There are 2 protein chains.
Amino acid sequence: MSANDRQEEIEKRNQSACPTIQSLNEIGEIWRLNILHDLMDEEKRFNELKRSTNARSRTLSNALDSLIENGYVKRRTEEAAPIAVFYSLSEKGRALKPVFDELDDWAADWLDDVPADSV
Amino acid sequence: MSANDRQEEIEKRNQSACPTIQSLNEIGEIWRLNILHDLMDEEKRFNELKRSTNARSRTLSNALDSLIENGYVKRRTEEAAPIAVFYSLSEKGRALKPVFDELDDWAADWLDDVPADSV
DNA sequence: CGGCATCCTTGGAGATACTG
DNA sequence: CAGTATCTCCAAGGATGCCG
């Protein structure tokens with residue numbers, strides 16, 4: 001089955017690659033990166049993430065599942081009348097903050113349309 | 001056409017989002033991230049990247065095109081008998097080094113199976 | 001509110017072959 | 001060596017609806 005082969009390929013790639021590449025396979029996808037970035041500063045609930053990431057519920061749900069499965073994100077449920085679910089970073093996820101901080105810096109330097117201020 | 005709508009959606013997402021999210025739309029994809037990471041330390045040629053990233057030539061070609069288009073990567077051609085093409089980071093791309101350095105650190109801390117050496 | 005189930009579409013990527 | 005061309009296919013994601 002090619003599906004299996006595909007899996008094996010990915011597995012193999014994960015095995016052989018350096019840790020960084022491994023991690024990129026876990027988080028290096030647009031939705032997951034968005035979510036991680038959005039959760040960097042604060043806990044958020046499902047619909048908040050849905051709005052901020054602009055993802056469909058199924059897409060968001062899938063991305064969250066994989067992030068939880070790999071230990072980047074934690075789910076917290078509040079049993080109220082309308083049930084409330086909160087997502088936040090695990091320690092592993094929070095440890096990524098310096099990475100995003102650097103990325104923020106970089107983006108500010110290279111993407112911002114700021115005419116001429118810092119440089 | 002939904003293709004256009006899709007484009008618009010993406011445009012809109014890029015507009016509204018913070019610079020970091022914009023940048024993630026440019027580089028936040030597994031092949032591109034792989035390439036950037038592989039080029040971080042040294043100039044490489046096509047087939048070297050092909051091997052190190054484990055990508056097909058077309059996939060690699062496409063990813064490189066988009067990276068060049070967005071100014072992360074430079075192409076250099078050496079007109080010899082068997083033509084040689086080299087890829088390296090532009091200044092913009094090189095500026096991402098701290099990001100990958102942080103990611104490397106993180107990966108070493110959280111993914112490496114190293115028993116107990118550094119820590 | 002926080003999802004899941006379903007249907008459908010699209011493009012990304014695999015495989016293979018070919019060229020300057 | 002460094003790609004381009006072609007064909008195919010699958011899975012990610014859009015749209016919509018439903019439910020505890």
Side-chain angles (χ1 to χ4, degrees), chain A residues 1-13 24-35 38-39 43-69 73-88, chain B residues 1-13 24-35 38-39 43-69 73-88:
Chain A
M1 235 134 275
S2 69
N4 269 341
D5 294 352
R6 185 76 54 86
Q7 254 337 95
E8 284 176 32
E9 270 300 311
I10 295 178
E11 290 297 325
K12 213 165 48 183
R13 186 156 69 210
L24 289 182
N25 277 303
E26 289 185 0
I27 63 174
E29 188 266 333
I30 198 62
W31 298 116
R32 292 190 293 240
L33 285 168
N34 260 277
I35 294 172
D38 278 6
L39 289 180
E43 182 181 63
K44 283 191 173 178
R45 47 207 312 197
F46 191 82
N47 279 337
E48 286 183 290
L49 281 173
K50 192 153 166 295
R51 272 188 300 276
S52 60
T53 61
N54 227 326
R56 308 294 145 183
S57 52
R58 192 173 51 76
T59 304
L60 178 58
S61 189
N62 288 344
L64 281 170
D65 283 350
S66 86
L67 285 173
I68 292 172
E69 195 181 313
V73 168
K74 284 183 307 185
R75 170 190 274 125
R76 181 173 70 84
T77 305
E78 247 175 40
E79 303 285 359
I83 200 170
V85 182
F86 296 86
Y87 294 93
S88 60
Chain B
M1 233 136 275
S2 69
N4 270 339
D5 294 353
R6 184 77 56 84
Q7 253 338 94
E8 284 177 31
E9 271 300 312
I10 294 178
E11 291 298 324
K12 214 166 46 187
R13 185 157 68 210
L24 288 182
N25 277 303
E26 290 185 359
I27 62 173
E29 187 268 334
I30 199 62
W31 297 115
R32 291 190 295 241
L33 286 167
N34 261 274
I35 293 171
D38 277 7
L39 289 180
E43 182 182 62
K44 282 191 176 181
R45 49 210 309 200
F46 192 83
N47 278 338
E48 285 183 291
L49 282 171
K50 194 155 167 291
R51 272 189 299 275
S52 60
T53 61
N54 227 327
R56 307 294 144 184
S57 51
R58 189 173 53 78
T59 305
L60 178 58
S61 188
N62 288 344
L64 281 170
D65 283 351
S66 88
L67 286 174
I68 291 172
E69 196 182 314
V73 168
K74 285 183 306 183
R75 171 191 273 124
R76 180 173 71 83
T77 305
E78 248 176 41
E79 304 286 358
I83 201 169
V85 181
F86 295 86
Y87 294 93
S88 60

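Since the model is a prediction, treat every value here as computed from it, not as a measurement. Residue numbers begin at 1 in each chain, while the letters A, B, ... track the order of the sequences.
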Polar atom pairs (N or O), protein with nucleotides 15-19 of chain D, under 3.5 Å:
{"residue": "dA15(D)", "atom": "OP2", "partner": "Arg56(A)", "partner atom": "NE", "Å": "3.4"}
{"residue": "dA15(D)", "atom": "OP2", "partner": "Arg56(A)", "partner atom": "NH1", "Å": "3.2"}
{"residue": "dA15(D)", "atom": "OP2", "partner": "Arg56(A)", "partner atom": "NH2", "Å": "2.9"}

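Atom P of nucleotide dC1(C) and atom CZ of Arg75(A) are separated by 17 Å, given to the nearest angstrom. What separates NZ of Lys50(B) from C1' of dT4(D) is a distance of 13 Å, to the nearest Å. The interatomic distance linking Leu60(B) (CG) with dA13(C) (P) rounds to 12 Å, in whole Å. Rounded to a whole Å, the NZ atom of Lys44(B) is 16 Å from the P atom of dG3(D). Atom CD of Glu48(B) is separated from atom P of dG3(D) by 13 Å (rounded to the nearest Å).
Listed by chain and number, the residues in a side-chain hydrogen bond (donor to acceptor under 3.5 Å, both in side chains) with Glu26(B) are Tyr72(B) (sequence neighbours excluded). By the side-chain hydrogen bond (donor to acceptor under 3.5 Å, both in side chains) test, Arg75(B) is found to be paired with Tyr87(B), residues two or more places apart in sequence or in another chain being considered. Evaluation of the side-chain hydrogen bond (donor to acceptor under 3.5 Å, both in side chains) rule for Glu78(B) yields Arg76(B) as partners, not counting sequence neighbours. Applying the side-chain hydrogen bond (donor to acceptor under 3.5 Å, both in side chains) test to Ser52(A) and every residue at least two apart in sequence or in another chain returns Asp38(A).
Residue Ser61(B) places none of its side-chain N or O atoms closer than 4.0 Å to OP1 or OP2 of dA2(D). Regarding contacts with the backbone of dG13(D), a side-chain N or O of Trp31(A) is found under 4.0 angstrom from either OP1 or OP2. Contact check, Arg45(B) against dC1(D): no side-chain N or O comes under 4.0 Å of OP1 or OP2. When the side-chain nitrogen and oxygen atoms of Arg51(B) are compared with OP1 and OP2 of dC1(D), none of them lie within a distance under 4.0 Å.
Rounded to 10 degrees, the angle separating the terminal axes of the helix from dC1(C)-dG20(D) to dG20(C)-dC1(D) is 60°, with each axis obtained from five end pairs.
In the set dG13(D), dT4(D), dG2(C), the nucleotide with an atom closest to the side chain of Val85(A) is dG2(C). Proximity note for Ile83(B) (side chain, C-beta onward) versus dA2(D), dG3(C), dC1(C): the nearest is dA2(D).
Nearer the 5' end of DNA chain D, as judged by each residue's closest nucleotide, is the contact made by Ala84(B), out of Thr59(A) and Ala84(B). Between Pro82(A) and Asn62(A), the residue anchored nearer the 5' end of DNA chain C, judged by the nucleotide with its closest heavy atom, is Pro82(A).
The residue from Leu67(A), Thr53(A), Leu64(A) that alone fulfils the side-chain contact (heavy atoms from CB on, under 4.5 Å) condition with Arg32(A) is Leu67(A).
Glu29(B) comes within 4.0 angstrom of sugar-phosphate atoms only, judged by non-hydrogen atoms across all strands, and of no base. Here Glu78(A) lies out of heavy-atom contact (under 4.0 Å) with every strand. Using a 4.0 Å heavy-atom criterion, one finds that Tyr87(A) contacts the sugar-phosphate atoms exclusively.
Atom CZ in Arg56(A) sits 14.0 Å away from atom CG in Asn62(A) (nearest 0.5 Å).
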Report task. Please assess Arg45(B) against Val85(B) for the test side chain to side chain contact (heavy atoms under 4.5 Å, CB included), listing each intermediate value before the final yes or no. Result -> CA-CA 6 Å; Arg45(B) 49 210 309 200; Val85(B) 181; 5.9 Å; no
